[in-house]
Amino acid sequence: MNTWVRPILLVEDNPMDLDLTFQALKEHGVANPIVACRDGEEALQYMEKHHLPTDPQVPILVLLDLRLPKIDGIEVLRHARNHSVWKQVPIVVLTTSRENKDIQTAYQLGVSSYIVKPVDFLAFVEMMRTIKVYWLLTNEPPFRENNAV
Amino acid sequence: MLERKRTERARATDTLSIARALQDARIGIWVWDIQSNNVYFSPEWKRQLGYQDHELKSRFGEFEERLHPQDRNSTLAALKAYLEGRRPDYEVEFRLRHKNGSYRWIFSHAFVQTGADGKPCRVSGCHLDITDRKDAEKERARLLAGVENPSLGADPAQQQLGNILENISDGFVTLDKTWHYTYINRQAASLFGRSPQDLIGKHIWTEFPEGVGQPFHLAYEKAMVKQIFIQMENYYEPWDRWFENRIYPSPNGISIFFHEITERKQAEQLARESVELLKAQNEVLEFIVQGTPLQETLDFLLRVIEAQCPGLLCSILLLDPEGVRLRHGAAPSLPESFTSAIDGESIGPGAGSCGTAVFRREPVIVEDIATDSLWDDHRDFALKHGLRACWSMPIFDEQRRLLGTFALYFRTPGRPTGRHWQLIEMATHTAAIAIVKNREAEALHASEERLRLAITGGSVGIWEWDIAANRLVWSDQLKAMFGWPAEAEDLTPKMFMIHPEDSLRIDAELQRSLAQRANYDVEYRILRPDGSLHWIASKGRAEYDAAGRPVRMTGVALDITGRKRAEEEINRREAQLAEAQRIAKLGSYEWDVHNNTMYRSEELCRIFGLLPDEFEPTFEGYLDRIHSEDRTTTKTIIEQAFRECKPFELEERIIRSDGAIRLLHSRGKWICDKAQHPLKLVGISQDITERKQAEDQLRRSEERFQIVARATNDAIWDWDLVTNAVWWNQGLTTLFRYSAEEMGIDASWKHGHIHPEDLERVESGIRDVMNRGEQFWSGEYRFRRADGSYADIFDRGFVIYDSTSTPVRMIGAIADISERKRTLEILEQRVATRTAELQVKNQELEHEISRRKRIEELLRSRNEELKAFAYTVSHDLKAPLRGIDGYARELDRRHRQGLSERALFCLKQILTATHNLDHLIEDLLHYSRLDMETPTDVQVNLAQMVESILNDRKPAILEHNAEVAVSLASASVHTWERGLFQILTNLLDNALKYSRDAKPPRIEITSQDLADALRITISDNGIGFDMKYHDRIFGLFNRLVRQEAFEGTGAGLAIAKKVVEKVGGRIWAESKLGSGAKFFVEIPKKSPVGSA
C-alpha cells in the first residue's frame, strides 16, 4: 500500500478550524485523503474500527486537537498509545494551548509532536507546509511492510 | 689396703726409731714370724755375733744353729714352753756362736703375739750380750774358790787374790755364819760409802737395817743355810740402784760378788719398755686395721700409754670439722666431770693447754697448773681434780693438718723426760693413724654403704664382656633390669632388646670407646619382655693386652627410667614454674656474690623487656636498669639488708628496653655462710605497674567520693549488707539535725526512722530490686528528723553484687525534698491554672486556625477557578480569532478581484484587530500564568541574562542604531530566573520601543549592589512620561500612548510589576516627559518564596 493512499486523520471539533486546516493542506497539494473526527468519542470509535496494520484506513498521520467535546484529546492520545497498533501511528497535537501541563502530559503519553496553532492564518499555512514536508515526506512511516514500494 | 700399708709404714718408722735407740744400748732385736718361719734380726743382733747385716739370712736357723750345744735344748724348750703358754715369760741366757768361733753369752727377752685364731703368730725379742759379765762371774767364782781354799799357795795366791779382789769392778764382801762382815773390798766399800775397817766385824743387819726383809736378805739367808749358789738381781730401793748379787756359799759363811747393774737394768728396762711399747703399738695398729671403732681404739691406746707410765692420766681431744673446737676423744682415767667440761673447748691463745697447743701448732708444757698463766681460766677447776702438770701435744696427719691433741696430766708438777717423749711420739703417731683411718673408714663406709645399697637395691647392674670369646656375664641385678630371670645364661649382645633408634648410637659409642681407649658411656632404651620401656645408662671400661687390643670390658648399668622421668618432670615443672611466673608476672633471680653472676628467670627478663642474653649478668647491670631516682634507694636498702643479714622488700621503678617505665615490687634475701659472709642474694620481682595504677585510680576515686560526700548536701549512706552496718556522711546532721552520737550505725536505725506508713513500701521496693538482680532503686518517703518531725525525702541507692550475684553492698544518697515538695505543689497548682487558661486559648486558636484554613481553602479554590478560567478564556477566545483571521486572509489572498479599496482596507483592519486581540489574549494568559507560577530561586548572572535578551533584539537594535551600554560587572542575584527574565525583557523592550525615534537611541543598563537588594536601572532617552501617571503605567492594559504611535497591549509593565511583587522586590520609575525614562527594579537578596 502506498503512503499517499493512507489518510490523514484530523480530530477537531471547530468547523472553522477544520475548514481552514483543510484549505491549508489543499494549498500544499497534500494528496492523502483527510478523515475528520468531530469529537473524542468518534476518534475512539475510528480507532476501534481500524485496528489492524493491514487496514488501509489506519492513517499515516493524526492531527489531534486537545479541546474536544465528550472525550478530550488527552484521552484519545492515551487510548491510542495503549493500542498495539495505534501506538505506532504518528500523532501530532495541534492545539491552541501552550500550557506546560498539556505539553508535558502529551509527551508523557507518547505524542510524536506538539504544535501550537497560531491565530495568524499565514503562519498557520506555513506551519502546515512544514508538517506535510516532515511527516509525509521526510518521516519514515510505520507498517512499511504493508506498504507496497 | 691403703691403711694397712700406712700402718705398716708407721710401724716400720717406729720400729726404726726404737731400733736406733736399742742399737745405742747395744740391744739386738729379733722378730720371728712363726708361720713363715722368717725371722727378722736387727743389725745389732747380727753385730753381736760379729756379722754384718747382709751376712745372715732371715731365718730361724741362723739362731738355732748357733746355739751352744749345752744351751740348745733348754733354750728351745723354754721358748716352746713360752709359746705354748706354759711359761709366763721368756727370759733366758744362752750362748751363741760368734762368727770368730767363740761363744758369746746372750741374755734374751721376748714376747709373743697371737693371731686372730688365738695361736701364736709372731714372737719379738731382744738380745743383750752378757759375755763380759759372765766371764767376770767365772773369774769371780774361780777366785772365790781360791779364797776359800787355803791349799793354794796362800800368800802369793792370797796376795794375788787380794789384788784381784781389790781391783775388780765388782764389790766383794764375805760374811761369816754369824752375819758379820769378814772382808770388804775397795769397790764394795766405795759402794757402801764406808771404809772397810769400819765395817769389818760388824753385823750386816745392824749396819744396814734398811736391808732387812729385802729380797737379797732372804737370798743371803737361803744361801747361807742351804749352802747353795744363788744369783740374783735386785733393786735396792734405799739407794735406787740395781745390783747383781752372786752369793757363793763357803764353809765359813757366804761370799758375795755384787756389782751395780743399774744401767744395764735401765737398758733392759728400756728394751722391755720399748718392746712393750712396740707390742702395745702393734696392738693398737691391729685395732686400727681391724676397723675397731675410734673411741675404743683411742681408749685402748691411752690405757696402754698409761700402763707404761704410772701416775699418768692422759686424754685425746679431736678437732671438730670446722676447726674451731676440741671435742672429747678418749680419756680412760680422767674424771668425767673434767672431761665433759673440757669437751667443746674452743682453740685459742689462752685456752688451757690443749686449746693453746692446737692454736700454736706445737706442744705446750705446763709444769704446774697452779702457777702457769695459760690455765688462768680453768685453774681452779683443774686443781679441784688434783691435776698439777699438763702437757699437750698437737696431733698432726701426714700433711701437717691438725687432728686433735694428746694431753698428759699428772698429779704432781713436772716436765717430760726422754721416756715420756718416747711415749708421746708413739701416742701421737698412732693416734693420728687411728683418727685418719677412722675418717677414711667413715667416708669409705658411707660410700661403700651407698654402693652396697645401689647394688643390693637392684638398681645397679654389673656386666663383663669377654671380647675375644664374645661372652657376656651379667650380675643378677643386671639381668633383672633387663627383665631376664637370674638363671638366664649365654647372653649375647643381641639379646639386649635395644630400641632400634638407639642401637646405632650404642654401636658408635662402643667403637669410639675402644678406638680412643676412653670410657664407654651411653644411655639407651630397652624393651623388657613384659613390654615396658626403660631407659638404661651404661658405663664401662676396656682392658687391653700388651698389643693394645681390647680383651675385656667391664662396666655397670643403671636403670635411669626414673631419672629420665624425673628429668621430664623437672622440665615440666620448670615450664610450669616459668608459666606460673609469667601469669603472675613474677620474675626470680639469684646473684652469686663470688662469681658476680646473676641467674634470671625468663619472666624477669620479660618484665625488663630483654632477651636473656641481653641482660647483663651482674649486679651493676641490674642497677643500671633501675630508674635513676630510685637507684640509690634500692642500693642502700639491699646493702643495709646485707649488713643486718635480713630479708628486704622494696618498690622500684625500672626502665624497660623500650623506654617504658614500670613499677616493680621486689623481695630478696641474703644467704650467708657461718661467718656471716655473703654467698648469694635470691629474690623475686613482680611488675605491679597496672596494679599500682588501679590502686591509684581507686584511691583517687575514693578521694573524689570523699570530697563529693563532704560537698554535697545529700545525706550519703553506705550499707554493708553482710554486716548490716551503715555509714553516714555529715549530711545526716545538716539535713536532719542528728548529732554524731545520735547517728545510728546500722540499717535498723535507718529503717526505724522511716515513716511507718512508708516503711513497708520502701523495704519491699529494695527487696524487689535485689531479688531481680537490678542495680538501681529509688523511692520517696518520709524520714524522721531529730526533732521528731518528718521530712519528705528522695532516697536512691545503688546495689553492688559480688561474683556470686549476691548483693553485698548498697550505697545511696538521701535528698531532702520537703522544700522542693512544697514548691512543687505550688507550681503544680499554678500549672493547673495556666493549663486551664491555655486550654481555653488553645481552643480559641483552633477555631481561628480552622477559620483561616477554610479561608485558605477558599482562596485556593478561587485561584484554581481563576486559573481554569484564564485558561479556558484564552483558548476559547482564540478559536474564533483563528477563524476570523483565516477567512479574512483567504479573502485578501484569493478573492481580491471585485473588492474595492475600502473593502481591502476593511480587510486590513479586520486582520489588524485580530492580531491585536491575539496579543491581548496572549498577554492576559501570560499575566495569569505568571500569577499562578511558583517562583524557584537560582543564582542568576545578570550580565549573561541581559546579553541574551539583547542578542534576541539585535535586529531591532541595529535597525535603529541604538547604543546600548551595559555595565553590570559581576552582578548576580539569587532569585526567580524566569521572572527576572520577564522583567528585564519587558523593560528593555519598552526602552527600545520608546526611544527608537531618538537620534540615536541610547539605552543604559546598570546595577547597584545594596545591603539587602540588587537594584537594576534601565534608562533610555526616549519620549519619557509625566510622573503623575507613574502608578497608572504599571496597571494592566493601561497605556499612555496611542496604538498607532506605539504598538503594544500595555501589559508589559503590569507583568513586570507582578513578577517583582512575587519575588518581594520593588519597581518604580523616574521620568520627565520628552527626556527619557529611568526604570528601577530592586530584587531582594534573600528572596522570599511567594505563597501560591
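This is a predicted model, so every value here is computed, not measured. Here is how names work: the chains are called A, B, and so on, in the same order as the sequence lines, proteins then strands, and each is numbered from 1.
- Taken to the nearest 0.5 Å, the CG atom of B:L881 stands 11.0 Å off from the OG1 atom of A:T96.
- Counted within 6.0 Å of NE2 on A:H28, heavy atoms from surrounding residues, nucleotides or ligands total more than 12; the atom is thus considered enclosed.
- Separation of atoms CE (A:M16) and CG (B:D885) is listed at 12.0 Å; rounding is to 0.5 Å.
- In this structure, the portions of A:D120 lying under 4.5 Å from any heavy atom of chain B include both its backbone and its side chain.
- Heavy atoms of other residues, nucleotides or ligands lying less than 6.0 angstrom from CZ of B:R894 number more than 12.
- The minimum heavy-atom distance between A:N14 and B:A879, with the atom names listed, is ND2-CB, 3.6 Å.
- Residues satisfying the side chain to side chain contact (heavy atoms under 4.5 Å, CB included) test with B:H895, not counting sequence neighbours, are B:E890, B:L891.
- Chain B is approached within less than 4.5 Å, heavy atom to heavy atom, by A:F121, A:L122, A:V125 from residues 121-129 of chain A, ordered by number.
- Taking each heavy atom of A:V119 and B:D918 in turn, the nearest pair found is CG2-OD1, 3.2 Å.
- Counting heavy-atom neighbours within 6.0 Å of B:Y887 OH, excluding the residue itself, gives a total above 12.
- Atom CD of B:Q939 has more than 12 heavy atoms from other residues, nucleotides or ligands within 6.0 Å.
- Using a 4.5 Å cut-off between heavy atoms, A:D102 touches chain B through its side chain atoms alone.
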| task | Check the pair A:E27 / B:R893 against side-chain contact (heavy atoms from CB on, under 4.5 Å), numbers first and verdict last. | result | CA-CA 12 Å; A:E27 196 171 316; B:R893 290 159 87 209; 2.9 Å; yes

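- Here the OG1-CZ distance, from A:T21 to B:R882, works out to 8.5 Å after rounding to the nearest 0.5 Å.
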